[in-house]
Structures are given as structure tokens and as C-alpha cells.
There are 4 protein chains.
Amino acid sequence: MVVAASEQLRIVQDEDNSKRRQILDGARKVFMDLGFDGASMGEIARAAQVSKGTLYVYFADKCALFEAIVEQEALQHGQVVFSFDPDREAESTLKEFGLAYLHLVCRPGGGSAIRTVMAIAERMPDVGRRYYARVLDKSINRLSAYLKARVASGDLSIDDCDLAASQFMELCKASLFLPFVFQAEPAPSEQRMSAVVESATRMFLAAYKAR
Amino acid sequence: MVVAASEQLRIVQDEDNSKRRQILDGARKVFMDLGFDGASMGEIARAAQVSKGTLYVYFADKCALFEAIVEQEALQHGQVVFSFDPDREAESTLKEFGLAYLHLVCRPGGGSAIRTVMAIAERMPDVGRRYYARVLDKSINRLSAYLKARVASGDLSIDDCDLAASQFMELCKASLFLPFVFQAEPAPSEQRMSAVVESATRMFLAAYKAR
Amino acid sequence: MVVAASEQLRIVQDEDNSKRRQILDGARKVFMDLGFDGASMGEIARAAQVSKGTLYVYFADKCALFEAIVEQEALQHGQVVFSFDPDREAESTLKEFGLAYLHLVCRPGGGSAIRTVMAIAERMPDVGRRYYARVLDKSINRLSAYLKARVASGDLSIDDCDLAASQFMELCKASLFLPFVFQAEPAPSEQRMSAVVESATRMFLAAYKAR
Amino acid sequence: MVVAASEQLRIVQDEDNSKRRQILDGARKVFMDLGFDGASMGEIARAAQVSKGTLYVYFADKCALFEAIVEQEALQHGQVVFSFDPDREAESTLKEFGLAYLHLVCRPGGGSAIRTVMAIAERMPDVGRRYYARVLDKSINRLSAYLKARVASGDLSIDDCDLAASQFMELCKASLFLPFVFQAEPAPSEQRMSAVVESATRMFLAAYKAR
DNA sequence: TATGAATGAGGGTTCATTCAT
DNA sequence: TATGAATGAACCCTCATTCAT
């Protein structure tokens, strides 16, 4: 019976979480598909399979719900970030990281988050700033730290490691990201992504490999 | 009389065009500042100094007006694209082009066409596709054509010139574009842009300069 | 033809006024019947026979519409106020004024306005204050001025004419106003009003007639 | 066992009553501060420190709760009413009663029952009627009964004692009540109330004192 | 052609009420 | 009995679009 009580509590908490998650999941899809303005609370409620009123039980208003979504996406995407081993040699490290980054920005869902946040950044600067800091800047910093370690170890020769990190990440997007976000091409194939990352790595090392 | 009639027609067309341009100018500012959903026909009418009804004389609906705006922006930005001299050496050519491209994508003063079009691309894929083709893809192709010429002349050594063109353009955005669109940093200074383009050019040539 | 143009202008203005008046009329009825909170813009639109959107063409929001109604009522009721002849003897003057005042506060419409404004005065103090100033205070001041004239002429003997004016007005409401606003009794008959005013006048003069 | 059962019932009733009173106390404050429409069941629940659901255990709906509040206020205010000693002389009796009545109708601190009930009287006529009967009419009747006794004792000379009672009560409000409910002036000071009641009493006796 | 008053559908939000626990 | 999560109807308001002038 004691078990039953705690069981019940757990269930209640689960349900609570599940309802909240249910809403977040529904809202994420709608927001990412239609953007902040294009998404209506009614459609979100329908997607989340709850009533419109229930949305306001969990979130103060549309804006708070959106921010929660972006925060959640930021955390998720921020975790995706590669964990670097400073002792590992550069080439394979960069390739692996580049591929992970490409998956983040060029996958349906991932791309949508970037696009959606970008779109609203002018009217909700904090939201844009936070997403950038938690996902993109964080990645740059981690890669930059790794590069510094490789510079220290004499493997690489780089003046501005922050810039170099950013350069590598941009290189990985070459020919893939823009056509994808502009809907000019579908999400790239694994093969194509590998090839582009390979080329990016070659180019990066050609410029920054210590002689 | 024949003259008079054609004269009149010309005048009418002029007036038509002038009103049309007036609307396009007003709408461009509003759309680029607020996005498709954020812009209201009322505000556009006010910005264009015409009545709301007049908007519908020249454009079927909000969507058609927006498409016309994007088309116009695409033409304008497409023209901005550097005109390459295939006989000119690579370094200065790339630097000049890189700077022009950076100015296009990081243009200060809120209303960014790139952001606005990107934002709506999921819901209006044609609009995204066309803008990409007319501005970004066109630039890539021109740069690619230039690179091919330099490869032919033995100056550069590049396998995939389309990819290389895209790589250079991405490199130019490193550390500048993303912080800018996410409102994490203000529009970059001329000095900073020059430095980044310089570094991009060095990197590009380190990889692709024929030995 | 010139006539036609001005005619047309007049009609437009008339229609404008008529629409505005139409809204005000519909809104007045609904607001006075249901109070500020009880009245819905939908019901007002129905009562005014216009669409909901049209309400917002003429008035910024529900509050502005309500304020316009109260202002209009205040003007109307303020005009009802008796115009006093300082040379006229007190008894008949007071009776006439008393009756006019009673009609104002105990007639459906009049009573409703007072009730409606009273009800909202705590949440919209300015509205309450303005209505009081334009209708009730104005009446008190006019009566007070008249009383002062009669005091000066030796007809009456009053210390505080403002208080006396207020006293007379309150006396006129005795046994009539409160049952009316609390819906305990229907609007009083002319006969009953006359009798109460008569009694009020007698009482007033008994106290303030110069000996 | 029989004792235990009745004991238990008593406890249950006590708890019931205590919860009920808790709700009534919380609701009274909210209703009187914000009016019937302005008050929300959520806010009432918060003020009463019970859950929203509990409100519906004790009261069928918002309307029933409001009616109970008004009933309670009516009883309370009805008790406040002066208890008259028919043998006491008129002047001091009237002054004391007048002051008590003024405190009732001009009670400082927002929430005025009179205003709240008045406001809703058109939509809930029974509520208005009952409050009027239990508080105002009751006071009039008591005062009227007292006056009749003084008429019988030869102290006063009054034709219509009901009207006279109402007249005195109205006189006491002169210059105080209307500015107060319309928020044109703050609640009157004790001093001012005394002066007005004094003047009312003088006037009343000037008219009705037996010669 | 140009207008802007008028519309009504749909937006975000609140809230009285219900119900499973 | 007491709870509070969930509901859905109704709220105020905006806005793309139409139409008589």
C-alpha cells in the first residue's frame, strides 16, 4: 500500500510531465513548421491533443511556450555538441565533429529550429541570443579549445583559434546549408555530407597544419 | 490622335508603374522589418502612402505582394553580385568579391531579406527557392565560372569548383554572419569584415593555389 | 452638379455620424443594461446592427467606447439641469428643479447611467469623477448659486449654500431613488414624485426661509 | 455510540461551517472589491485559501456564492441598524442614528456592498430587492416606528413617517455619499460627517418639531 | 483608378465549471 | 470532502479582404 501511494505520486508526476511534454512536443512541431507568428495556439492545442485552455495551465502565454520550446531545442542541440579529446589528432576529430554539426543544422527539425529562431531574432532578441550562445557559440568555443590544445602540442599553427573554429564550421556547410534552408534542395545525403566535410577538413588542414 | 492615344497609354503606364513602385517600396521596408506575418496590409499601406484598397488594385493579395517584393530584392541583390574578370588574379578578386558578399548578407539596419525569405521558406517553398537561385546560386555560379577560368589558366588547382565557390563564400561569413542574424552581435565593422575576408582568402589559396 | 457634390459630402458626413450614433445608441443600451463587464462587444455590435470590426473603426477599444457613452450621457444629463432665474421666488423654483432632477435620476436610462457609472467608478475613477462633475456637481453648483442669490436678496437664510443645495437634492430622492435603483420598486409615478418634491420643498423652506 | 454519532455530526457541521465561512470571507472581499463580473472564482479561491473545486462543494455556482455573500452582508448591515428607544428624545437619537447610517454607506476602503449590489441589481433584481429590504427598508421602518412613537408622544408632528424617515436618511448623505461613490472625493472625515448629520437633524426638526 | 468604411473569420487569452483522484 | 488539472465557450481585438462610391 505504501508502494501504491508512492506509485501514485510517480504516476501523477509522470502524467504531469507527460502532459507538459505532450504540449511541448505538439508545439515544437507547429512552431518549427509555421514559425512563431504562423503558429496558432489552436493548432498547437490540436497537435498536442489538449484543449486550448490547457496550454495556459502550463505556459503563461504563447511567447512563454515558444521560449520553452527554443530553450528545449537549445539544450538538446547543445548536447549534440561533440566532446573533444585534446590528445586526438586533428583530421579524424574534425571530420567527426563536422559531420555531427552538419547533422544538427541540415536535418529536418534541426534546420527548422535554426530557421525559426533566426526568423524571430529581430523581434525577440533574447531568444535569438540565447539560442546562439547555447548551441552555436558553445560549439565554436569547444572546437576552439580543442584547436588551442593542438596548437600547443605543435600539431597546428593558428593565430585566431576562435575564427578558425568558426571557419571550419562554415566550411562544413558549404553547398549544403543554404540550399537546404531555402528549400532549394532536400536535406543532403550522408554521402554528400561526408564528401563536403572531407573537403572542409582538407582545406582547413592545408591552411593551419603546422609545417 | 494615334500619337495622343499612345502618349496617354505611356502616361497611364508611368503612373501605374510609379504607384506600383511606391507600393513596392513601402512594402519592402515593412516586410523586411517585420517578416511576412508580422507585416500588416494596413501598415504597408501607410508606409506606401496609399490606401489599403489600392494595394489590391496592383496585387491580388498579401502573398502576391510579398512575392513581388522578394522578386525585386532578388533582382537587386543578384545585380550586386560581383562581375568577375577571368583574367584578373585570384587574391584581390576574391577579397573584393568576399567583401561585397559580406555586405549583402550582413547589411546593418534590421530588415534583412535573407532572414525574411529564410523564415518563410518552409511555408512558401517557391519563394525561398527562387530567391536562392537568383541571388546565392547565381553568385556561386559566377564565382565558380571565374575559378574554372583560373584553373584553366593554371593559376588554381580545384577539383570541384562549385563546391570551392561555396566554400569561399561560407568562409567569408565565419564568425560574422551567425552572431549577426541571431542578434548576438551587432553588424560587423568594415575592419572586422576585411580581416575575415583576408583570412578566408588566405585559407582558400592555401588549399587551392596551384603549386 | 455643384449642389450634388456638396449634397454627397453632407450625406457622407451624415452617414458617418449616423454610423457612429448607431454604435453609440446600441452600446448605450447594452452598457446601461448589463454594466461595463456584463456587456460584450459582440452584443453591442448586434444591438448597433454593425459588425464587431466596425466598432473598432470608430472606437479604439471597449473602454473608449464606454467612456464615449458616459461622456455623452453626462452631456445630455448635464443639459437637463435646470436654468435658474435668481429673481424668481424659491418655492416654485425649487419644485420645478426638484422634479427635473428626479426625472433625471429615477427614469430608466437616467437611473441606469448613474448605476452603471457608480458601479465602475472604483476601477475607472476618472470616468466616475467626470460624470459626477458634469452632472451632479454641476447641478449642485447651479442650485447653490441660486440659493446664494436668494440669501443675498433676504429671501433665504443659509450658512452653507453648497450643503443646502445638496440637501435639497437628496431630499427629493427620499423614498424614491433607492428603491428604484435596487429594483425594489418600479420607477415612481409623476404623482408620487410631485408629492415627494412638495414635501422636500416644504422641509427645505421650513429650515432655510428667512424669518 | 449514539453520542459518538451526533458528536461526529457536530464536528462535521462545524468543519463544514468553518470551511463555508472561510469561503464566504474570502469571497466577500473579492466581490466587494471587484464587483460580480470583475471577481473570478480563481481569485476567490485564492483569497479563501481553498481550491477552486471546493467552492463548488459549498455553492452551486458563482451566482449562488454571490447571493450568499450579499445575504450575509445584508444580515450584518441590518444588525448595524440603530436600536431605537421610543422614549428617548429626538435630537440626540437622530444624530446617533444618522452617524451610524453614514458609516454604513460611506465606509472607507474600497469594497462597498451598496455599490456592488446596486451595480448588479438590474441583472439580478432579486438580489437587489432583498438587500434593499433587509438593510435600507428595515432601517427606514425602524426609524419610522420611532418617529411614530414620538408623534404619539406629542414630540413631533409628522404626516408621513415613512417618508420622513427616508428624508432624514437622505439628508444625512448630503454632500457626502455621491462624491464618495463616484470617487470624486475620498471617504469623508468623522468631523465632516458629524457636521452634516448635525445640519440634517436641525433641518429635520425645523420641519417636524411639534409646535 | 483610388478610396477607406465595413466586414467576419480567426487570433490569443480568460474563466466558470467539471471530474478523476 | 477536497483537490487542481482539464476543458471549451466566450471574451476582446486584429486584419486581410471587399465594395460602394
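Every chain is numbered from 1, with letters handed out A, B, ... down the list of sequences. No hydrogens, no waters, no symmetry mates; every other heavy atom, side chains included, goes into these values.
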- Task: Please step through side-chain contact (heavy atoms from CB on, under 4.5 Å) for the pair C/C63 and C/M124, ending with a clear verdict.
- Result: CA-CA 9 Å; C/C63 200; C/M124 302 171 57; 3.5 Å; yes
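- Between A/R130 and A/D126 there is no salt bridge, since none of the side-chain N atoms of the basic residue sits less than 4.0 Å from a carboxylate O of the acidic one.
- For A/C63 and B/Q49, each mapped to the nucleotide of DNA chain E holding its nearest heavy atom, the one lying further toward the 5' end belongs to B/Q49.
- In the set E/dT7, E/dT3, F/dC11, F/dC11 carries the atom at the smallest distance from any side-chain atom of C/S40.
- Closest to the side chain of C/K52, from the set F/dA6, F/dC13, E/dT13, is F/dC13.
- Distance OH (A/Y56) to P (F/dA10): 18 Å, rounded to an integer number of Å.
- Distances were taken from every side-chain heavy atom of B/T54 (C-beta onward) to each of E/dT18, F/dT3, E/dT3; the shortest belongs to E/dT3.
- Closest contact between the side chain of A/K62 and the listed nucleotides E/dT7, E/dT13, F/dA16 involves E/dT13.
- When distances are taken from the side chain of A/Y58 to each of E/dT1, E/dG4, F/dA6, the shortest belongs to F/dA6.
- Rounded to whole Å, atom P of E/dT17 lies 16 Å from atom CD of D/E43.
- Within 4.0 Å of B/A60, counting heavy atoms only, lies no atom of the nucleic acid at all.
- At whole-Å resolution of the value, NZ in C/K19 and P in F/dA20 are 13 Å apart.
- With rounding to whole Å, D/L55 atom CG is found 15 Å from E/dC19 atom C1'.
- Taking each heavy atom of D/G35 and D/T116 in turn, the nearest pair found is CA-CG2, 4.2 Å.
- The pair C/R123-C/D37 meets the salt-bridge criterion, with a side-chain N (NZ, NE, NH1 or NH2) lying under 4.0 Å from an Asp/Glu carboxylate O.
- Nucleotides of DNA chain E nearest to C/V57 and B/V57 differ in position, and the one nearer the 5' end is that of B/V57.
- With salt bridges taken as basic N to acidic carboxylate O contacts below 4.0 Å, one links C/D33 and C/K29.
- Contacts of A/A119 classified as side chain to side chain contact (heavy atoms under 4.5 Å, CB included), with partners at least two apart in sequence or in another chain: B/A119.
- Of the two residues contacting DNA chain F, namely D/G53 and B/G38, the nearest-nucleotide position lying further toward the 5' end is that of D/G53.
- In this entry the distance linking CZ of B/R46 with C1' of E/dT3 reads 16 Å, nearest Å.
- As rounded to whole Å, 18 Å separates atom C1' of E/dT14 from atom CZ of A/F59.
- Contacts of D/D61 classified as salt bridge (Lys or Arg N to Asp or Glu O under 4.0 Å), with partners at least two apart in sequence or in another chain: none.
- For the pair A/D61 CG and F/dC11 P, the interatomic distance rounds to 22 Å; values are reported in whole Å.
- Among the nucleotides E/dT13, F/dG8, F/dA2, the one closest to any side-chain atom of A/M41 is E/dT13.
- With E/dT18, E/dT7, E/dA5 as the choices, the nucleotide that has an atom nearest any side-chain atom of C/V50 turns out to be E/dT7.
- Between the C1' atom of E/dA5 and the CD atom of C/Q22 lies a distance of 13 Å, rounded to the nearest Å.
- Among the heavy atoms of the strands, none lies under 4.0 Å from C/A45.
- Figure legend: cation-pi geometry between B/K62 and B/F36, with NZ or CZ positioned under 6.0 Å from the six-membered ring centre and within 45° of its axis.
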- Query: What would the secondary structure line of DNA chain F be in dot-bracket form, counting Watson-Crick and G-U wobble pairs under 3.5 Å, with [ ] for pairs that cross earlier ones and | for pairs with another strand?
  - Reply: .||||||||||||||||||||
